[in-house]
2 protein chains.
Amino acid sequence: MKVGIFIMPKKRTLPYIILGILAQKDEQTGRQITLQFQNEIGEFWKAAHSQIYPELKKMVADDWIEKQTHAGNDKEIYYRLTPKGQAELLAWITQPIDELPVSQDIFSLKLFFIQEATDPRIKTMIAEERALLKKQLAHLKEREHLLFDGHVNQGSYGHYLILKRAIARLKSQLVWLDTVEN
Amino acid sequence: MKVGIFIMPKKRTLPYIILGILAQKDEQTGRQITLQFQNEIGEFWKAAHSQIYPELKKMVADDWIEKQTHAGNDKEIYYRLTPKGQAELLAWITQPIDELPVSQDIFSLKLFFIQEATDPRIKTMIAEERALLKKQLAHLKEREHLLFDGHVNQGSYGHYLILKRAIARLKSQLVWLDTVEN
DNA sequence: ACTGCCATGTAATTAGTTACATGATTAT
DNA sequence: ATAATCATGTAACTAATTACATGGCAGT
C-alpha cells in the first residue's frame with residue numbers, strides 16, 4: 001500500500017495485546033504479562049519475555065502505560081494504563097479488520113506437498129495431529145472448567161469468548177481430520 | 001530449548017514451501033512461485049517477492065534447487081529441485097510436528113479486550129468479520145470449481161486437501177460467529 | 001503518451017527468536 | 001547444597017515487511 005510520500009508502518013499487534021491485558025487487570029508485572037501468553041492469549045499470539053520487556057519500556061516512553069514500584073519491593077515492576085494507553089486500545093479495537101489472518105498451519109502445508117491420495121504418510125501425520133489437537137482440547141476444557149465453570153463472570157466476557165473460540169477451533173479441526181481419513 | 005553448546009536454529013518454513021511448490025510443478029520462475037502465495041498456499045503462509053528472490057538465491061547456493069535460463073529469454077529464470085532439495089523436502093515432511101500453530105486471529109484478540117457482553121461494538125465487529133469470511137469462502141469455492149470440479153486430478157491430492165481444509169475452516173468460523181451473536 | 005503488468009532485484013527497517021546474564025527466593 | 005522458579009534485562013541473529021529501483025512489453 002503506497003500512499004504518496006508517507007511510509008506505512010508495519011502493523012503492530014504486541015503493544016495492543018499488552019494494553020488489553022492491562023485493561024483486564026491493572027497493576028501487572030512484566031512477568032505476569034508474559035505468563036498470560038501461555039494461556040488463552042497464547043492460542044492467538046505468542047511473545048517471549050525478551051520481546052515484552054523492551055516493549056514495555058517503549059510503551060512507557062510513549063506514555064501508553066506507567067511503571068510503579070511498591071515500597072519494600074525493588075524486584076517487581078508494576079504497570080498500568082495511562083489515559084493515552086486506554087485511548088489507543090479503544091482506537092485499535094474500533095478500527096475495522098481489513099483482511100483475514102494467515103493460520104500458518106504447518107500440518108496443512110505438509111499435506112499440500114503430498115501428491116497422491118494413497119501415500120502412506122497421510123495416516124501417520126493425521127494420527128500425530130489428532131493427538132496434538134486432543135491434548136490441547138483437553139487442556140482448554142480444563143481451563144474452561146477452572147475459570148468459568150458454566151457461568152461467565154462480570155467483566156470477563158472477552159476472556160470467556162476467546163476460550164470458547166479456541167475450543168470451537170480445535171473441535172472443528174478434529175472433525176475435519178475424520179473427513180480426511182475416509 | 002537449550003541443548004548444550006549447540007545453538008538451535010530458528011524454525012524455517014519458507015524454503016520448504018518453495019521446495020513443495022517446485023515438487024508439484026518443476027521449472028517455475030520466481031514470479032510464478034510468488035504468485036502461488038496468492039492462492040491456496042496463501043491461506044496458510046504468505047511471502048512477498050522481496051523475500052522469495054533472496055531465498056531462491058540461498059537455496060541455489062545450498063544446492064537445494066538449480067536455476068536454468070532458456071535460450072532467447074534472459075528475462076525469466078526457471079528453478080527446479082536438485083536431488084538434495086528433494087531429500088530435504090522429504091525429511092521435513094516426515095519430521096513430526098511438535099506443537100500447534102498460533103492462529104494470530106486479530107478478531108479473536110479484539111474480542112478478548114471487550115469485557116462486557118452487552119458492549120454494542122460486538123455486533124459491528126461480527127458483521128464485518130462475517131463479510132470478510134463470506135467473501136473469502138466464495139472465492140475458495142470458485143477455486144474449487146475451477147481447479148477440481150468434483151474430481152481430484154492425479155498428483156494434485158495435496159492441493160485439493162488444503163483447499164478443502166481452507167473451506168472447512170472458513171465454514172466453521174462462520175458457524176461460530178452465529179453462536180456468538182446469540 | 002500513459003497505464004498496468006511482467007520479471008527481477010536491493011535497501012532499510014521492524015518483529016520476533018534464541019541465547020546469555022544476574023540476583024533473589026523457594027523447595028528438596 | 002543445589003535445583004528450580006521468580007523477575008528482569010541485554011545481545012546477536014533471523015525472518016519478514018515496506019519501499020525503492022530498473023527494464024521490458026501489451027493494451028488503450
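This structure is a prediction, so every number in the text was calculated from the model and none was measured. Reminder, nothing fancy here: chain letters follow the sequence lines and each chain counts from 1. Atoms considered below: every heavy atom in the structure, side chains included; atoms not considered: hydrogens, waters and symmetry mates.
Between A:Arg31 and D:dT8, a side-chain N or O to OP1/OP2 separation shorter than 4.0 Å is absent. Put simply, A:Arg12 has a side-chain N or O that comes within less than 4.0 Å of OP1 or OP2 on C:dA15.
Atom CE in B:Met8 sits about 12 Å away from atom C1' in C:dA19, given to the nearest Å. Atom CG of B:Leu14 is separated from atom C1' of D:dA15 by 9 Å (rounded to the nearest Å). One atom, NE2 of B:His49, and another, P of C:dT10, lie 10 Å apart when rounded to the nearest Å. Atoms OH (A:Tyr53) and P (C:dT18) sit 18 Å apart, rounded to a whole Å. When the C1' atom of C:dG9 is taken as reference, atom CD1 of B:Ile77 falls 9 Å away, rounded to whole Å. Whole-Å rounding puts the B:Lys10 NZ to D:dA16 P distance at 8 Å. Rounded to an integer number of Å, the gap from NZ of A:Lys75 to P of D:dC6 is 9 Å. As a whole-Å value, the separation of B:Glu55 CD from C:dG9 P is 13 Å.
Using a 4.0 Å heavy-atom distance criterion, B:Glu76 is classed as a sugar-phosphate-only contact. When heavy atoms are screened at a 4.0 angstrom cut-off, A:Lys11 is found touching no nucleic acid atom at all. Looking at heavy-atom distances under 4.0 Å, B:Lys58 makes no contact with the nucleic acid at all.
The side chain of A:Ser50 lies closest to D:dT10 when the candidates are D:dT10, C:dT10, C:dC6. Taking only side-chain atoms of B:Lys57, from C-beta outward, the nucleotide of D:dA16, D:dG23, C:dT10 with the closest atom is C:dT10.
Donor-acceptor pairing under 3.5 Å, judged by distance alone, is absent between the side chain of B:Thr29 and the base of C:dT8.
B:Leu90 and B:Ile18 sit in two unconnected hydrophobic clusters of ILVMFWY residues. Membership requires side-chain heavy atoms under 4.5 Å apart, directly or through other members.
B:Gln36 places no side-chain N or O within donor-acceptor distance of the main-chain N or O of B:Ile21, the cut-off being under 3.5 Å.
Geometrically, B:Arg165 engages A:Trp176 in a cation-pi contact defined by less than 6.0 Å to the ring centre and at most 45° from the axis.
Closest-nucleotide positions on DNA chain D for A:Pro54 and A:Gln104 were compared, and the one nearer the 5' end corresponds to A:Pro54. Of the two residues contacting DNA chain C, namely B:Leu56 and A:Ala48, the nearest-nucleotide position lying further toward the 5' end is that of B:Leu56. Each of B:Leu35 and B:Gln51 was assigned the nucleotide of DNA chain C with the nearest heavy atom; the assignment lying further toward the 5' end belongs to B:Leu35.
Enclosure of atom CG in B:Asn73 by more than 12 non-hydrogen atoms of other residues, nucleotides or ligands within 6.0 angstrom is indicated.
In this structure, A:Trp64 and A:Tyr16 have tilted ring planes: the angle between them lies in the 30° to 60° band.
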